Number of protein chains: 2
Amino acid sequence: HPTYPVARQTNDITLHTLWPGCRYVSKAAAKTQLEFEYNGPSMKTEVPGPRSKELTKQLGEMQNVGAINFFCNYEESRGNYLVDVDGNRMLDYTDPLYSYWLSAFVNRPALGIMPPENFPEKLAESLLSVAPSGMSRVQTMACGSCSNENAYKAMFIWYRNKERGHNIPSDEDMSSCMINQSPGCPDLSILSFMGGFHGRTMGCLATTHSKAIHKLDVPSFDWPIAPFPKLKYPLEEFTRENAQEEARCLEEVEDLIVQWRQKGRPVAGIVIEPIQAEGGDNHATPDFFKKLRNIARKHGSAFHVDEVQTGGGTTGKFWAHEHWGMDDPADIVSFSKKMLTGGFYHKDELQAYRIFNTWMGDPSKNLFLAEVLNVIRRENLLEEVTRSGKTLLQGLYQLQDQYPNLLSSARGQGTFCAIDIRDDATRNSIILKARDKGVLLGGCGDRSIRFRPALVFKEHHVHMFLNVFSDVLAEHN
Amino acid sequence: HPTYPVARQTNDITLHTLWPGCRYVSKAAAKTQLEFEYNGPSMKTEVPGPRSKELTKQLGEMQNVGAINFFCNYEESRGNYLVDVDGNRMLDYTDPLYSYWLSAFVNRPALGIMPPENFPEKLAESLLSVAPSGMSRVQTMACGSCSNENAYKAMFIWYRNKERGHNIPSDEDMSSCMINQSPGCPDLSILSFMGGFHGRTMGCLATTHSKAIHKLDVPSFDWPIAPFPKLKYPLEEFTRENAQEEARCLEEVEDLIVQWRQKGRPVAGIVIEPIQAEGGDNHATPDFFKKLRNIARKHGSAFHVDEVQTGGGTTGKFWAHEHWGMDDPADIVSFSKKMLTGGFYHKDELQAYRIFNTWMGDPSKNLFLAEVLNVIRRENLLEEVTRSGKTLLQGLYQLQDQYPNLLSSARGQGTFCAIDIRDDATRNSIILKARDKGVLLGGCGDRSIRFRPALVFKEHHVHMFLNVFSDVLAEHN
């Protein structure tokens with residue numbers, strides 16, 4: 001058979017010594033960086049080999065694996081060669097791992113922390129060990145906005161699959177979607193709530209309604225927006241009024257779902273935060289969320305709980321929605337930075353094999369997260385949060401009694417607390433004065449101060465804070 | 001003045017020893033992790049202090065700094081306390097750094113690599129040292145989709161500011177945007193090209209037209225889509241036909257801009273890849289891009305060059321658009337993973353103070369990138385790429401002459417090369433057979449094979465590849 005006429009040069013290889021993995025990348029280190037390379041490919045098994053297949057099967061029980069060719073052994077991979085977990089060494093002419101050429105120089109130490117061979121095991125130890133009730137699958141994503149964007153896409157795909165009776169898409173679906181037209185790009189909608197915040201990319205932004213500054217000048221979708229209950233605090237003192245307000249909002253939700261279906265823009269999913277955070281720490285009762293979840297089910301819409309702000313333990317439970325006490329609280333639960341990685345949990349039927357990007361998050365974060373979860377468990381940090389949160393809220397109630405013309409509506413779950421200040425100007429002055437005394441506070445909503453301490457915030461820190469806060473309030477009375 | 005009635009407990013502090021910074025986070029290490037905490041806040045200057053102000057000024061010349069309160073000293077920060085670069089120690093009750101409570105346990109080593117005090121300096125050494133012509137500002141982002149989403153937002157905001165005559169938004173703007181309605185959420189559009197790929201979040205996806213699988217079932221925007229030139233290769237042998245095809249596409253672009261303006265959906269920006277990558281490695285001539293850039297200018301649309309795939313040196317220049325030879329090639333240039341961080345460069349007038357998210361990328365990546373750029377310069381890797389790319393393309397031309405019924409349209413810039421295969425089935429078979437022989441190849445478009453080797457891919461690797469490829473082709477002839 002024909003032979004390519006260029007001289008074979010596979011032996012003409014320079015041999016260098018490996019750059020010793022060094023956490024502190026400095027100019028000096030870079031100068032000594034040298035490269036070792038293999039002298040050609042070497043194949044031991046077919047690809048994917050038995051070890052890759054086994055790991056793909058393990059991972060397939062937790063995540064989509066449609067895009068995985070094989071598992072890599074990054075310890076052995078170098079220069080232009082990828083080595084897989086079955087020992088096959090391949091000359092790399094692709095860029096599924098875009099920055100692989102960089103990893104050879106620089107990323108090796110980071111990737112070395114967690115050989116991807118351990119990925120399924122680490123995923124089970126980390127994200128899946130804290131999976132919400134009823135969910136056994138998780139899709140990791142690089143950031144919070146991407147988590148919600150992809151959760152929305154999963155809901156749209158799920159909804160259209162139902163509409164098609166799970167048949168394959170038509171030729172018209174396939175061709176119309178290429179030019180942004182229906183039926184391929186259908187007129188579906190996501191129902192969101194006034195005051196909600198779900199991110200700043202264009203899909204997320206269409207469901208964000210907290211501040212004009214996020215949304216101004218950016219084109220959006222005609223999607224339904226329901227009122228979020230405006231409750232009176234403490235919730236237990238105003239049960240009757242609050243129940244009425246929640247009933248009003250739920251009625252509005254159902255009306256909007258019907259209206260948008262009639263408009264030809266059916267509601268594929270409902271997205272809500274367990275506590276509207278950026279929108280002003282607005283709470284609702286477990287009863288509201290239970291009924292909302294039932295409305296979603298009744299109308300065939302997916303129910304997406306956005307725990308990007310509330311997840312991770314600050315409410316005293318790992319997920320804020322656990323306070324609702326439901327076995328089947330949601331179809332999708334999204335999370336982000338507090339978990340060290342973005343992503344979303346989902347029910348089996350919301351599997352979207354087409355949700356994919358090159359990175360799907362950073363695998364090394366799962367290892368970090370596994371360690372963080374160990375610390376949370378060993379040190380009983382959720383109990384600590386519950387205890388500190390109770391002390392904090394009691395303190396805020398006391399101060400509210402003491403300064404009724406300055407403070408109102410103290411509220412919270414765990415240490416995820418907030419209080420309303422007389423007006424925006426006073427709020428900002430209080431935040432600045434507290435900073436001058438060494439306490440960092442943040443605002444949310446129109447005139448609230450929010451408290452977002454670390455999980456290691458203990459009762460003595462609460463007292464330290466309340467003393468400073470008390471001093472600052474006295475100056476504003 | 002009134003005193004908060006809870007006992008002051010600021011001395012009741014446990015003193016631990018610091019967890020020694022360790023790159024290999026293991027269970028054993030976690031068991032010995034202990035925490036040292038300060039015994040209260042301590043303020044040295046007002047906040048931001050002089051050092052923070054100086055650093056903010058420096059950074060302000062490169063990036064938006066509207067959201068920065070002060071610069072942190074992460075080496076000194078611990079437990080519940082943040083220490084700033086002026087030595088102020090503050091009890092942290094906010095969550096602008098959402099995972100700060102985690103960083104205390106786990107992230108310290110990573111952040112320790114680059115104290116944020118060095119951030120302006122490192123930004124100048126890294127991203128700004130390779131800024132495209134005419135651009136001195138950069139906005140970092142966590143991922144590629146976020147980079148393009150935020151670039152689009154910057155163009156929308158810029159366009160609406162022009163329309164408003166740079167006056168402040170009206171009350172109607174502010175209220176209508178909260179409910180996704182115009183004029184606050186205006187009916188603006190981004191013009192994109194058939195075959196283009198710009199990401200998978202909903203804004204990006206409305207400009208992606210490479211494969212139905214990305215777009216199917218996801219609602220989209222009614223935005224104009226122009227044809228990308230379908231040229232004959234080698235370009236220099238078909239100059240007349242190619243010029244005609246490019247003229248046809250440019251005419252269509254202008255028609256679409258006029259049509260969409262008439263529809264009330266003006267084109268705020270045009271987005272294009274220098275080489276359509278995912279869409280099949282489609283090239284166009286510098287003349288096409290120059291004329292397109294002029295059309296954008298003439299119609300008041302921003303011109304956004306998406307270098308997420310082409311940037312970083314694989315075309316033989318750091319940015320593929322440098323091959324156009326223009327002083328003012330673009331208003332926005334976006335980049336991503338190959339640069340180790342996502343983000344976009346932009347001209348001064350496209351400054352969007354409202355483009356913001358909590359993380360704005362990962363600062364430690366700038367340090368890595370600075371080192372990578374040093375290696376690229378020291379080892380003349382761009383020259384290497386040009387040389388290897390030339391050898392690769394010559395080899396592909398030879399093989400194409402040898403197998404005219406199997407191969408066609410060999411094309412490339414640097415090592416960013418591709419070749420068309422007879423049909424999809426043969427293409428996939430060739431990719432699998434090459435993998436069995438230890439060479440990893442990828443596909444793009446309907447029936448192309450793309451070559452995306454590392455920057456350290458040298459001529460001997462090219463020959464090694466061409467030999468294997470030649471063997472595989474012989475089996476398919």
Side-chain angles (χ1 to χ4, degrees), chain A residues 1 4 6 9-10 12 23 25 30 41 43 47 80 90-95 98-99 101 106 142-143 149 153 156-157 160 174 177-178 180 185 188 201-203 209 212 215-220 337-338 368 371 435 438-442 451-455 460-461 463-464 466-467 470 474, chain B residues 1 4 6 9-10 12 23 30 41 43 47 80 90-95 98-99 101 106 142-143 149 153 156-157 160 174 177-178 180 185 188 201-203 209 212 215-220 337-338 368 371-372 435 438-442 451-455 460-461 463-464 466-467 470 474:
Chain A
H1 68 74
Y4 178 76
V6 174
Q9 301 193 8
T10 48
D12 177 20
R23 186 160 64 82
V25 179
M43 302 303 288
V47 176
N80 292 284
M90 295 164 276
L91 189 62
D92 187 12
Y93 236 122
T94 66
D95 60 346
Y98 281 145
S99 72
W101 65 274
V106 166
C143 70
E149 287 274 341
K153 283 170 63 178
F156 290 132
I157 292 169
R160 281 290 289 156
M174 298 299 277
C177 79
M178 292 297 282
N180 300 11
C185 294
L188 295 177
T201 49
M202 291 184 73
H209 316 281
K215 294 177 67 77
L216 185 69
D217 299 339
V218 182
S220 195
K337 299 294 181 192
K338 219 168 258 164
F368 288 137
E371 289 310 313
R435 192 169 73 180
V439 171
L440 291 174
L441 293 173
F451 306 94
R452 298 288 189 272
L455 289 195
H460 66 258
H461 297 110
H463 295 308
M464 200 188 291
L466 288 170
N467 280 313
S470 170
Chain B
H1 69 71
Y4 179 75
V6 174
Q9 302 191 10
T10 48
D12 177 21
R23 186 159 64 81
M43 303 303 288
V47 176
N80 292 284
M90 293 164 278
L91 190 62
D92 187 12
Y93 236 122
T94 67
D95 59 347
Y98 281 145
S99 73
W101 66 273
V106 165
C143 69
E149 287 274 340
K153 284 170 63 178
F156 290 131
I157 293 169
R160 281 290 289 156
M174 298 299 276
C177 79
M178 292 297 282
N180 299 12
C185 293
L188 296 176
T201 50
M202 291 184 73
H209 315 282
K215 294 177 67 75
L216 184 68
D217 299 339
V218 183
S220 194
K337 300 291 180 192
K338 221 168 256 160
F368 288 136
E371 289 311 312
V372 169
R435 193 170 73 179
V439 170
L440 291 173
L441 294 173
F451 305 96
R452 299 287 191 274
L455 289 194
H460 67 259
H461 296 110
H463 295 308
M464 200 188 293
L466 288 170
N467 280 314
S470 170

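Bear in mind the structure is a predicted one, so any value in this text is a computation, not a measurement. Naming: A, B, ... by sequence-line order, numbering from 1 per chain.
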So if I apply the side-chain contact (heavy atoms from CB on, under 4.5 Å) rule between B:Leu91 and each of A:Val439, A:Leu441, A:Leu440, which one comes out positive?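 Between B:Leu91 and the candidates, side-chain contact (heavy atoms from CB on, under 4.5 Å) is satisfied uniquely by A:Val439.
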
For the residue pair B:Asn180 and A:His209, establish whether any side-chain heavy-atom pair is separated by less than 4.5 Å.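 SC-SC contact between B:Asn180 and A:His209 confirmed.
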
Would you mind checking which part of A:Met43 comes under 4.5 Å of any heavy atom in chain B, side chain (CB onward), backbone (N, CA, C, O), both or neither?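 The side chain, not the backbone.
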
[X] [atom1] to [Y] [atom2] distance, which is reported to the nearest 0.5 Å:
{"X": "A:Met178", "Y": "B:Ser220", "atom1": "CE", "atom2": "OG", "result": "11.5 Å"}
{"X": "A:Glu149", "Y": "B:Glu149", "atom1": "CD", "atom2": "CD", "result": "5.5 Å"}
{"X": "B:Met174", "Y": "A:Leu216", "atom1": "CE", "atom2": "CG", "result": "6.0 Å"}

Grab the two heavy atoms, one from [X] and one from [Y], that are nearest each other, plus how far apart they are.
{"X": "B:Cys185", "Y": "A:Lys215", "value": "SG-O, 4.1 Å"}
{"X": "B:Pro41", "Y": "A:Met464", "value": "CD-SD, 3.8 Å"}
{"X": "A:Phe156", "Y": "B:Asp217", "value": "CB-O, 3.2 Å"}

Sequence neighbours excluded, which residues qualify as salt bridge (Lys or Arg N to Asp or Glu O under 4.0 Å) partners of A:Arg435?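 Result, salt bridge (Lys or Arg N to Asp or Glu O under 4.0 Å) vs A:Arg435: none returned.
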
